[in-house]
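Residues: numbered from 1 along the sequence shown. Start at 1 and go down the list; that is how both ligands and their atoms are numbered.
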Amino acid sequence: MTLRMVAGRPIAEDAEDLRHWLSSLTGCPSVTRAVLATCEEPVHDEPLTWFYVEADAQAGVARRRCLGCGRTRHLLDSEEHWTAPHMWQCPGCGQSIAEVAVGLHEADDRVEWVVVAARCVECGMISGLTDVLVDRLPLDEVLSRI
Ligand SMILES: [Zn+2]
Ligand SMILES: [Zn+2]
C-alpha cells in the first residue's frame with residue numbers, strides 16, 4: 001500500500017489502495033470487507049470501474065453513473081430519499097471521474113454499516129462520500145445494491 005498525504009488528504013495509487021484505505025478507517029465500525037464498484041452491463045467486454053458520482057453525506061445517499069454506458073445505480077435505497085446532491089468533484093484537481101469503493105461492516109453474516117469512498121482517476125486523491133447504517137441485511141443483498 002502506497003498512500004501519500006497531500007495537504008492532509010490521502011492519495012491512492014490505484015483502486016486496491018482505495019480498498020485498503022477503507023479497511024484501515026478508524027473511529028467508525030470496522031470495515032470487514034471492501035469492494036470495488038463495477039459496471040457489468042453486457043455492453044462492456046470487461047467490468048468498468050470509472051464513474052460519475054453524486055453523494056449526500058448528511059442524507060446517507062449516493063449513486064454512480066458508468067462512464068461507459070451511462071447506467072445509473074443507486075446505493076441501497078438512496079433513490080427513495082434522493083436529495084439531488086451536486087456531482088462529486090475531486091477536491092484536488094477538480095475533475096469528476098472516480099473509482100468508487102464500498103466498505104462494509106459485517107457481524108454474524110449480516111451487514112450493519114456501509115461506507116462509500118471515491119478515488120480521483122486523475123490525481124488519486126481519496127474522498128469519503130457517505131456512510132449508511134444498514135438494518136442487518138444479508139451480504140448478497142447489499143452487494144447487489146451498491
Ligand atoms: Zn457501464
Ligand atoms: Zn483529482
For SG in C93 and SG in C123, the angle at the Zn ion (ligand 2) (nearest 10°) is 120°
Here the vertex angle at the Zn ion (ligand 1) for SG of C39 and SG of C66, given to 10°, is 110°
### Task
Please report the C-alpha distance between W88 and S96 in whole Å, then the side-chain angles of each, then the deciding distance to 0.1 Å, and finally whether the side chain to side chain donor-acceptor pair (under 3.5 Å) criterion is met.
CA-CA 6 Å; W88 174 86; S96 289; over 6 Å; no
Requested in this report: Considering only NZ, NE, NH1 and NH2 on the basic side and carboxylate oxygens on the acidic side, decide whether R33 and E106 come within less than 4.0 Å.
Outcome: yes
ask   = Ignoring hydrogens and geometry, is there a side-chain-to-backbone donor-acceptor pair from R64 to I146 under 3.5 Å?
value = yes
C90 SG to C120 SG via the Zn ion (ligand 2), rounded to 10°, gives 110°
Checking distances from the Zn ion (ligand 1), one finds that the N, O or S atom of H44 closest to it is NE2
Partner of V31 under side-chain contact (heavy atoms from CB on, under 4.5 Å), picked from V102, V115, L104, is V115
